Peer 1: 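Got a structure here, written out as structure tokens. Questions coming.
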Amino acid sequence: HEGVVATVKEAGRSIHEIPREE
Amino acid sequence: EGALGYVREFTRHSSDVLSNLNELRLRGILTDVTLLVGGQPLRAHKAVLIACSGFFYSIFRGRAGVGVDVLSLPGGPEARGFAPLLDFMYTSRLRLSPATAPAVLAAATYLQMEHVVQACHRFIQASYEP
């Protein structure tokens, strides 16, 4: 039986930002 | 002239695109790299990996990354830490448990996914609080 899964929302940035072309 | 232009924004678009990309991954459509993690082969799209991980960005952004279609990560993350991160890249949902969090944290550090590293620290911290 799968454990209970609580979902926590993360509002912040999730991944790196690829730098804009210099 | 002077007609008021306007923009229709489809607010679900980014999640719908990601969901389709995940379906492509699961069906092996246009996957262009096999990652050997702990000996386990995982197929993925370089474009998604490079968009989500500083480590893969540094590997695939250059010409050196063009011909690479099998990538083993020696001394790298174990599968039980890496697989949840690959799913996260394609679903925005990171599955964590007290048992897996340390391995996911190690894999996220290796893959230079700083924001996930911070989330793992918050999770581990919270799981120690009474």
Side-chain angles (χ1 to χ4, degrees), chain A, chain B residues 11 14-15 17-19 21-22 44-62 65 84-101 104-105 107-127 129:
Chain A
H1 170 59
E2 185 80 343
V4 173
V5 176
T7 299
V8 172
K9 300 268 186 192
E10 293 276 359
R13 189 167 184 84
S14 61
I15 52 178
H16 72 131
E17 181 173 8
I18 290 181
R20 299 293 172 263
E21 195 66 60
E22 289 79 26
Chain B
T11 52
S14 52
S15 61
V17 167
L18 195 59
S19 171
L21 279 171
N22 196 35
H45 301 90
K46 286 180 186 175
V48 174
L49 298 177
I50 198 172
C52 296
S53 150
F55 171 78
F56 285 121
Y57 176 72
S58 60
I59 286 193
F60 295 130
R61 70 188 290 246
L85 288 178
L86 194 56
D87 289 338
F88 161 71
M89 289 182 195
Y90 279 88
T91 62
S92 77
R93 285 186 296 282
L94 179 66
R95 184 172 278 272
L96 285 177
S97 71
T100 61
V104 175
L105 173 56
T109 305
Y110 182 92
L111 293 180
Q112 298 164 37
M113 296 172 74
E114 193 47 42
H115 303 83
V116 170
V117 167
Q118 296 310 321
C120 289
H121 281 308
R122 288 196 292 274
F123 174 83
I124 291 169
Q125 196 68 37
S127 60
E129 276 149 23

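Note that the coordinates shown come from a computational prediction; the quantities given were computed from them, not determined experimentally. A note on names: the letters A, B, ... follow the listed sequences, proteins ahead of strands, and every chain is numbered from 1.
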Peer 1: Checking S97(B) against chain A: side chain, backbone, both or neither under 4.5 Å from a heavy atom?
Peer 2: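 Contact with chain A is absent: no heavy atom of S97(B) under 4.5 Å.
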Peer 1: Please state whether the side chain, the backbone, both or neither of F88(B) comes within less than 4.5 Å of a heavy atom of chain A.
Peer 2: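 It is the side chain, since no backbone atom gets that close.
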Peer 1: Measure the CD1-CD distance between I15(A) and Q112(B) for me, rounded to the nearest 0.5 Å.
Peer 2: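 If I round to the nearest 0.5 Å, the distance is 14.0 Å.
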Peer 1: Mind checking the OG-CZ spacing from S14(A) to R93(B)? Nearest 0.5 Å is all I need.
Peer 2: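 If we round to the nearest 0.5 Å, S14(A):OG and R93(B):CZ are 13.0 Å apart.
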Peer 1: If every non-hydrogen atom of I50(B) is compared with every non-hydrogen atom of H16(A), which pair is closest and at what distance?
Peer 2: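 Where I50(B) meets H16(A) most closely, the heavy atoms are O-NE2, 3.0 Å.
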Peer 1: So for R122(B), is it side chain, backbone, both, or neither that comes closer than 4.5 Å to the heavy atoms of chain A?
Peer 2: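 Contact with chain A is through the side chain of R122(B) alone.
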Peer 1: I need the H115(B) NE2 to E10(A) CD distance, nearest 0.5 Å.
Peer 2: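 The CD atom of E10(A) is 11.0 Å from NE2 of H115(B), to the nearest 0.5 Å.
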